[in-house]
2 protein chains.
Amino acid sequence: MPKRVDHGERRRRIAEALWRIASRQGLDGASLRDVAAEAGISLGQLQHYFSSKDAMLVFALEHINEMATERIRDRITALSDEPPAPRTILREIAAEMLPLNDESRTGMLVQIAYFIRAVHDQQLQKHAREGAPALREFYAGLLRSAVERGEVAPDRDPDVEAALFIALVDGLGSYALLGVHTPEEAMGLVDAHLERLFGGR
Amino acid sequence: MPKRVDHGERRRRIAEALWRIASRQGLDGASLRDVAAEAGISLGQLQHYFSSKDAMLVFALEHINEMATERIRDRITALSDEPPAPRTILREIAAEMLPLNDESRTGMLVQIAYFIRAVHDQQLQKHAREGAPALREFYAGLLRSAVERGEVAPDRDPDVEAALFIALVDGLGSYALLGVHTPEEAMGLVDAHLERLFGGR
DNA sequence: TCCTTTGCAGGTCAGTTGTATGGCGAAGTG
DNA sequence: CACTTCGCCATACAACTGACCTGCAAAGGA
């Protein structure tokens, strides 16, 4: 067998370079040459690992979500409470999704870059449509257990509240990116919403 | 005086052509040649009315908001109630912002196209930052009068609820565009939120 | 009638894009 | 030692982009 390299590792490095550029200039502004330069490799090498730009975008998309999921998981397991209350988990996830720090800000920018592409791309749209219900169901499950624990009024529909919460955090994140709110204000608004959803009258 | 044409009219026609393309392919995918073709004119003529692509984008942005505002105003004056209740007005605005029909869908797509550009463009970001408080204050005013009329619990902060409502509608609109929810589902979620905000316990 | 201004068509240009191609060294196999 | 496979580079290419420029026709004023 001839020389061997870890393809996955190289591909991940390239994807990370793509994210850095996408968070700065958007996905459409990221040319293959730019990505190669950012990754510190030649255009030829990049092409060796991704036969087309589309293949690169798809690969990078599939892995940005994994990264975000992992960051959220870390955040939750880092909590002192064991196990954490549903409200705490929801708040932590929101905190990770809002552009409060550099990592999640980059993540959000990349997500938006893919979003704008998905609006005009059938394949990405299908990807979003298929991934969303799982997330919503995860939130709904948290809320169901909150209802069972008596932390949320039983007349609240967990499924509806889950969808509302997701959309709200998304919208707040967008405005925070534009600087319409500071990230801290956005977090305060999330807390206000949670206060109504839980405890609140 | 030599031949005279209505510059404003021509510019508006070009802007409309731009919106049609932007709603199909996004702003970055709209080349000057595409826009000219969509408007049924030559590239030369387009350049006669806009000295640069940027000038065209700025002009089109300034007018898309006017169009949306007018659509919302029409919708409200078309209501049978006189004067309409704050809740009704909020609901109508949300209905106009969600991609329920072709017009507002195009409007939303164009808005998003500008949004993604604003994320990486200082000038557009300033535009957004300066325009947002006025909208928020408008919503807050509606909610204040709703509190005075006893339709909203007095312990709700109109300013906070305004920001939440805006972000929520925005987020729901985004997901509706991706087909994660149908527009009707999104509207149902808005109603669920309003039900909690008004009347609800 | 000449002349100036306006409206617009067409071409050109330099730069960037994604993709395709030809080649060459290294590493292991027979 | 051939020989094959893999990793990678450099270049070329056709398509497209926004900006610029030259030229010409129409319309009125002098």
Side-chain angles (χ1 to χ4, degrees), chain A residues 1-61 113-114 116-118 120-124, chain B residues 1-22 24-61 113-114 116-117 120-124:
Chain A
M1 272 240 263
K3 188 163 46 170
R4 275 306 202 163
V5 206
D6 184 343
H7 269 229
E9 165 65 13
R10 302 290 180 113
R11 282 162 165 258
R12 254 172 277 133
R13 280 198 188 282
I14 294 173
E16 283 163 23
L18 171 64
W19 298 338
R20 284 196 295 276
I21 294 185
S23 71
R24 268 184 268 131
Q25 313 166 355
L27 262 189
D28 291 307
S31 72
L32 290 179
R33 284 164 236 272
D34 290 343
V35 175
E38 175 74 30
I41 62 176
S42 73
L43 174 59
Q45 186 173 358
L46 190 150
Q47 287 188 291
H48 185 70
Y49 289 107
F50 294 107
S51 58
S52 75
K53 183 176 188 179
D54 225 56
M56 180 182 73
L57 292 173
V58 169
F59 177 88
L61 171 62
Y114 274 104
I116 192 68
R117 189 165 266 251
H120 306 288
D121 182 314
Q122 291 292 336
Q123 199 180 345
L124 284 180
Chain B
M1 273 237 264
K3 187 164 46 172
R4 277 304 202 166
V5 205
D6 185 344
H7 270 226
E9 165 66 15
R10 300 291 179 112
R11 281 162 164 257
R12 252 171 278 133
R13 279 197 189 283
I14 294 172
E16 282 162 25
L18 171 63
W19 298 337
R20 284 196 295 275
I21 295 185
R24 267 185 268 131
Q25 313 166 1
L27 263 190
D28 291 307
S31 73
L32 290 179
R33 289 174 225 304
D34 289 344
V35 176
E38 175 74 30
I41 62 177
S42 73
L43 174 59
Q45 186 173 355
L46 190 151
Q47 290 187 308
H48 185 71
Y49 289 106
F50 294 106
S51 58
S52 76
K53 185 176 187 178
D54 226 55
M56 179 183 73
L57 292 174
V58 169
F59 177 88
L61 171 61
Y114 274 104
I116 191 69
R117 191 164 264 250
H120 306 288
D121 182 315
Q122 291 292 339
Q123 199 179 346
L124 283 180

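The sequence lines fix the lettering, A, B, ..., with proteins before strands; numbering per chain opens at 1.
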Could you tell me how far apart B/Ile41 (CD1) and C/dA9 (C1') are, to the nearest whole angstrom? 12 Å
Counting only N and O atoms by type, is there a donor-acceptor contact under 3.5 Å from the side chain of A/Tyr114 to the main-chain atoms of A/Leu57? yes
Under the criterion side chain to side chain contact (heavy atoms under 4.5 Å, CB included), I'd like the reasoning laid out for A/Ile116 against A/Leu27: C-alpha separation, chi angles, the key distance, then a yes or no. CA-CA 9 Å; A/Ile116 192 68; A/Leu27 262 189; 5.9 Å; no
Which angle, to the nearest 10 degrees, lies between the helix axes at the two ends of the helix from C/dT1-D/dA30 to C/dG30-D/dC1, each defined by five pairs? 30°
Salt bridge (Lys or Arg N to Asp or Glu O under 4.0 Å) partners of residues 34-58 of chain A, not counting sequence neighbours, each pair once: A/Arg20-A/Glu38, A/Arg24-A/Glu38
Distance-only check: which donor-acceptor pairs under 3.5 Å involve side-chain atoms of residues 42-50 of chain A, not counting sequence neighbours?
residue: A/Ser42; atom: OG; partner: A/Gly44; partner atom: N; Å: 3.4
residue: A/Ser42; atom: OG; partner: A/Gln45; partner atom: N; Å: 3.1

Sorted by chain and residue number, the salt bridge (Lys or Arg N to Asp or Glu O under 4.0 Å) partners of A/Arg12 (sequence neighbours excluded) come out as A/Glu9
Does a side-chain N or O of A/Ser42 approach OP1 or OP2 of D/dC9 to a distance below 4.0 Å, or not? yes
Atom pairs, protein N/O to nucleotides 16-23 of chain D N/O, distance under 3.5 Å:
residue: D/dT17; atom: OP1; partner: B/Ser31; partner atom: OG; Å: 3.4
residue: D/dG18; atom: OP1; partner: B/Lys53; partner atom: NZ; Å: 2.5
residue: D/dG18; atom: OP2; partner: B/Leu32; partner atom: N; Å: 2.9
residue: D/dG18; atom: N7; partner: B/Arg33; partner atom: NH2; Å: 2.8
residue: D/dG18; atom: O6; partner: B/Arg33; partner atom: NH2; Å: 2.6
residue: D/dA19; atom: OP2; partner: B/Lys53; partner atom: N; Å: 3.0
residue: D/dA19; atom: N7; partner: B/Gln47; partner atom: NE2; Å: 3.0
residue: D/dC20; atom: N4; partner: B/Gln47; partner atom: OE1; Å: 2.5

A/His7 side-chain N/O to D/dC6 phosphate OP1/OP2 under 4.0 Å: no
Listed partners of A/Arg117 passing salt bridge (Lys or Arg N to Asp or Glu O under 4.0 Å), at least two apart: A/Asp28
Measure the CE-CG distance between A/Met56 and A/Leu18 for me, rounded to the nearest 0.5 Å. 4.5 Å
Given C/dA9, is OP1 or OP2 found less than 4.0 Å from the side-chain N or O atoms of B/Gln45? yes
Hey, is the side chain of B/Arg10 poking within less than 4.0 Å of OP1 or OP2 on C/dG7, counting only N and O atoms? no
About how many Å separate CD1 of A/Ile14 and CD1 of A/Ile41, when rounded to the nearest 0.5 Å? 4.0 Å
Would you say a side-chain N or O of B/His48 is under 4.0 Å from OP1 or OP2 of C/dC8? no
Grab the CG-C1' distance between A/Asp6 and D/dG7 for me, whole Å please. 14 Å
